[in-house]
Amino acid sequence: MSPQQNGEWKSPLPEINRFVTTHDDKGRSVFSGDIEESMNFFTVDVGGGESAGFELGYTTRGFPIPLTNDQDLAMFQDAYAQKKEDGLIRKDGTLLRYVDIPPGVASPMHRTVSLDYGIVIAGEVECVLDSGEVRTLRAGDLMVQRGTNHAWRNNGKEWVRIAFVLLQSTPVVACGKKLGEDVGGMDLAESR
């Protein structure tokens with residue numbers, strides 16, 4: 001089964017929606033009509049002729065995050081229009097990304113300069129470290145990545161969905177060497 005149909009990413013996992021709140025002109029809490037609720041995955045080549053589906057759930061810039069006058073919504077709309085040109089992390093901000101991994105697919109070893117919270121939503125996936133250590137994560141499990149070199153491997157027969165929250169960090173220094181971003185050959189732009 002090909003995860004691409006007519007150039008678009010397709011998986012058997014449930015479609016997901018994004019619901020964003022804001023305030024109306026009376027100061028009441030309402031759902032924003034400015035952000036599309038349905039989420040549309042796009043294909044990322046992970047090397048070796050394999051691909052995974054990525055989707056940008058939300059992203060912000062700056063700390064603290066500017067919510068007044070929907071400044072964050074405007075920034076997200078701009079970022080969303082360019083989601084295929086962005087890298088793995090959002091420098092000086094936050095990023096929520098969903099990743100769908102088909103059965104039998106593995107990412108290459110890669111590293112981000114970030115603190116990542118990865119929560120498995122569906123399926124079972126292995127996280128492989130460059131030391132050779134492996135942990136199997138199942139739905140509901142959490143992986144905290146701290147600038148380490150790692151790969152994701154779906155050895156199962158079911159699709160995997162992971163939600164990632166990525167926060168830029170200072171570069172890790174290990175054994176006297178400053179470790180930078182390495183996308184491991186994935187077809188992704190440099191993080192900005």
Side-chain angles (χ1 to χ4, degrees), residues 7-11 13-45 51-101 107 110-122 139-148 152 160-172 178-183 186-192:
E8 295 198 13
W9 181 260
K10 299 290 179 191
S11 87
L13 294 171
E15 292 183 12
I16 50 179
N17 293 298
R18 170 193 315 108
F19 302 106
V20 179
T21 62
T22 189
H23 296 92
D24 67 12
D25 57 3
K26 294 183 173 121
R28 295 178 301 190
S29 301
V30 296
F31 290 101
S32 173
D34 294 333
I35 304 294
E36 183 179 347
E37 291 181 349
S38 64
M39 295 172 62
N40 302 298
F41 282 74
F42 62 97
T43 303
V44 173
D45 177 359
S51 58
F54 278 38
E55 175 56 340
L56 180 60
Y58 204 72
T59 188
T60 62
R61 281 212 185 272
F63 290 103
I65 298 163
L67 302 179
T68 301
N69 297 322
D70 292 340
Q71 294 173 64
D72 64 310
L73 296 180
M75 194 284 311
F76 172 70
Q77 288 172 313
D78 291 342
Y80 195 76
Q82 300 175 32
K83 68 181 181 178
K84 293 181 183 179
E85 287 80 43
D86 275 346
L88 286 172
I89 70 165
R90 168 76 55 199
K91 293 185 177 177
D92 300 323
T94 67
L95 188 140
L96 168 62
R97 173 179 294 113
Y98 290 87
V99 177
D100 284 1
I101 306 172
S107 74
H110 60 283
R111 176 193 336 273
T112 55
V113 181
S114 60
L115 174 66
D116 309 343
Y117 306 121
I119 303 165
V120 178
I121 304 297
D141 286 345
L142 166 69
M143 174 61 65
V144 178
Q145 284 288 347
R146 301 177 57 254
T148 54
W152 296 101
V160 171
R161 175 169 288 157
I162 309 171
F164 291 98
V165 175
L166 298 100
L167 306 164
Q168 181 186 18
S169 68
T170 57
V172 173
K178 185 176 174 181
L179 305 175
E181 182 174 88
D182 179 0
V183 298
M186 287 186 279
D187 187 19
L188 292 166
E190 183 178 331
S191 294
R192 50 187 170 136

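Being a predicted model, the structure only gives us computed values, none of them experimental.
The pair R18-E55 counts as a salt bridge, with a side-chain nitrogen and a carboxylate oxygen less than 4.0 angstrom apart.
Nearest heavy atoms, I101 versus W152: CD1-CB, 3.9 Å. Taking every heavy atom of both residues into account, S114 and S169 meet most closely at N-OG, 3.2 Å. Nearest heavy-atom pair, T59 versus R90, reported as atom, atom and distance to 0.1 Å: OG1-NE, 3.0 Å. Taking every heavy atom of both residues into account, S38 and N17 meet most closely at CA-OD1, 3.4 Å. Counting all heavy atoms, side chain and backbone alike, S11 lies closest to R161 at OG-NH2, 4.1 Å. Scanning both residues, G147 and R111, for their nearest heavy atoms gives O-NH1, 3.2 Å.
Note that the CD atom of Q168 and the CD atom of E181 stand 10.0 Å from one another [nearest 0.5 Å]. Considering NZ of K84 and CG of L56, their distance stands at 12.5 Å, rounded to 0.5 Å. A distance of 6.0 Å separates CG in D70 from OG in S32, rounded to the nearest 0.5 Å. Taking CD1 from I16 and CG from N40, the interatomic distance works out to 10.0 Å, rounded to the nearest 0.5 Å. Within the model, atoms OG1 of T60 and CD of Q71 stand 12.0 Å from one another, a figure rounded to the nearest 0.5 Å. Separation of atoms CG (D72) and CD1 (I65) is listed at 7.5 Å; rounding is to 0.5 Å.
A 6.0 Å sphere centred on CZ of F31 holds no more than 12 heavy atoms belonging to other residues, nucleotides or ligands. In this structure, Y117 places its OH atom where only 12 or fewer heavy-atom neighbours from other residues, nucleotides or ligands lie under 6.0 Å away.
Ring planes of Y58 and F76: parallel class, angle under 30° (limits at 30 and 60°).
Of the possible polar contacts, none joining the D116 side chain to the G118 backbone as a donor-acceptor pair under 3.5 Å is found. When atom types are taken as modelled, the side chain of R61 and the backbone of K91 share a donor-acceptor pair closer than 3.5 angstrom. With Q77 contributing its side chain and D34 its backbone, the two residues share a donor-acceptor pair below 3.5 Å.
For the pair R97 and L166, the minimum side-chain heavy-atom distance is below 4.5 Å. The shortest distance between side-chain heavy atoms of F19 and T21 does not fall below 4.5 Å.
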Q) When you look at F164 and L95, which way does the side-chain contact (heavy atoms from CB on, under 4.5 Å) test go after all the steps? A) CA-CA 8 Å; F164 291 98; L95 188 140; over 6 Å; no
